[in-house]
Amino acid sequence: SAVISQKPSRDICQRGTSLTIQCQVDSQVTMMFWYRQQPGQSLTLIATANQGSEATYESGFVIDKFPISRPNLTFSTLTVSNMSPEDSSIYLCSVERGRDRGYTFGSGTRLTVV
Amino acid sequence: AQSVTQLDSHVSVSEGTPVLLRCNYSSSYSPSLFWYVQHPNKGLQLLLKYTSAATLVKGINGFEAEFKKSETSFHLTKPSAHMSDAAEYFCVVSEDNQGGKLIFGQGTELSVKP
């Protein structure tokens, strides 16, 4: 299955600043997905990123707050903008490896906003 | 709309006894179903997946799950728990017409007592 390198693994940020999270996949993939896992909770999809087009955001998430780039078929970034303590979460990227091969997740970025 | 309900937020078993983690789903179309495990401070690991092939699915580390359409269930089982099985388990559903979007259950924390 795909190997995803996600960084940073963790960060502590000041409120009002922005953090960009990167995901690099070891092979070309059509779609990349970004998820948020708030403390003690399950994962929620933020957006789907296709190469060459704007990301598709889920209800409750907007591009101004979570801009996403997808410059090629192996790389994507998620920026958490104008951060507040409520943004403290684990952020994960994911790729699909074909319908019968499941999804692979990055190791996650643990963000703490102070 | 698709949804996933994990019936227990926490399950505690003794080492060597069977494990049962319950999951019910709601789906309008033919779903793909997954179980993922998340160990503390670790990434998500795919345990097993159902994609309309055999209804009894065998996964890694001795886990298996049975897809029961009539009951809309996909319960995870293991005959004998090991201490290393202690983790958070997520039941996940995906539909072919949803562009790869995954819907996560709320998770079940499995504790294993010596």
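Chain letters run A, B, ... following the sequence lines, proteins first, then strands; residues in each count from 1. What you see is a predicted model, and the numbers here were worked out from it, not measured in a lab.
Only the side chain of A:Glu58 comes within less than 4.5 Å of a heavy atom of chain B; its backbone N, CA, C and O stay farther away. The contact between A:Leu43 and chain B is made by backbone and side chain atoms together, counting heavy-atom distances below 4.5 Å. Interface remark: B:Tyr36 contributes side-chain atoms only to the contact with chain A (heavy atom separation under 4.5 Å). For chain A, no part of B:Gln45 is nearby; none of its heavy atoms comes within less than 4.5 Å. Interface remark: B:Leu102 contributes backbone and side-chain atoms alike to the contact with chain A (heavy atom separation under 4.5 Å).
In the hydrophobic clustering, B:Leu7 connects to no other residue, as no ILVMFWY side-chain heavy atoms lie under 4.5 Å from its own. Clustering of Ile, Leu, Val, Met, Phe, Trp and Tyr side chains at separations under 4.5 Å places A:Ile46 together with A:Leu19, A:Ile21, A:Trp34, A:Tyr57, A:Phe61, A:Ile63, A:Phe66, A:Ile68, A:Leu78, A:Val80, A:Met83, A:Tyr91, A:Leu111, A:Val113.
Linking ILVMFWY residues whenever their side-chain heavy atoms come closer than 4.5 Å, directly or via other members, places B:Leu44 and A:Leu45 in the same cluster.
With B:Asp8 contributing its side chain and B:Val11 its backbone, the two residues share no donor-acceptor pair below 3.5 Å. Judged purely by atom type and a 3.5 angstrom limit, A:Gln6 has no side-chain atom pairing as donor or acceptor with the backbone of A:Gln24.
Side-chain atoms of A:Thr74 and A:Asp26, non-hydrogen and from C-beta on, never get closer than 4.5 Å to each other.
The closest side-chain donor-acceptor pair between B:Ser94 and B:Ser32, if any, does not fall under 3.5 angstrom. Neither side chain, A:Glu86 nor A:Gln38, offers a donor N or O lying under 3.5 Å from an acceptor on the other. In the model, A:Ser88 has no side-chain atom that pairs as donor or acceptor with a side-chain atom of A:Thr112 under 3.5 Å.
Chain A is approached within less than 4.5 Å, heavy atom to heavy atom, by B:Gly105, B:Gln106 from residues 105-114 of chain B, ordered by number. Inspection of non-hydrogen atoms places no residue of residues 57-70 of chain B under 4.5 Å from chain A.
A salt bridge does not link A:Asp87 to A:Arg15: none of the charged side-chain nitrogens sits closer than 4.0 Å to a carboxylate oxygen.
Outside the 6.0 Å centre-distance limit, the rings of B:Phe74 and B:Tyr25 are not counted as a close aromatic pair.
Ring-plane geometry between B:Phe104 and A:Phe105 is classed as perpendicular, the angle between the planes exceeding 60 degrees on a 0 to 90 degree scale with a lower cut at 30.
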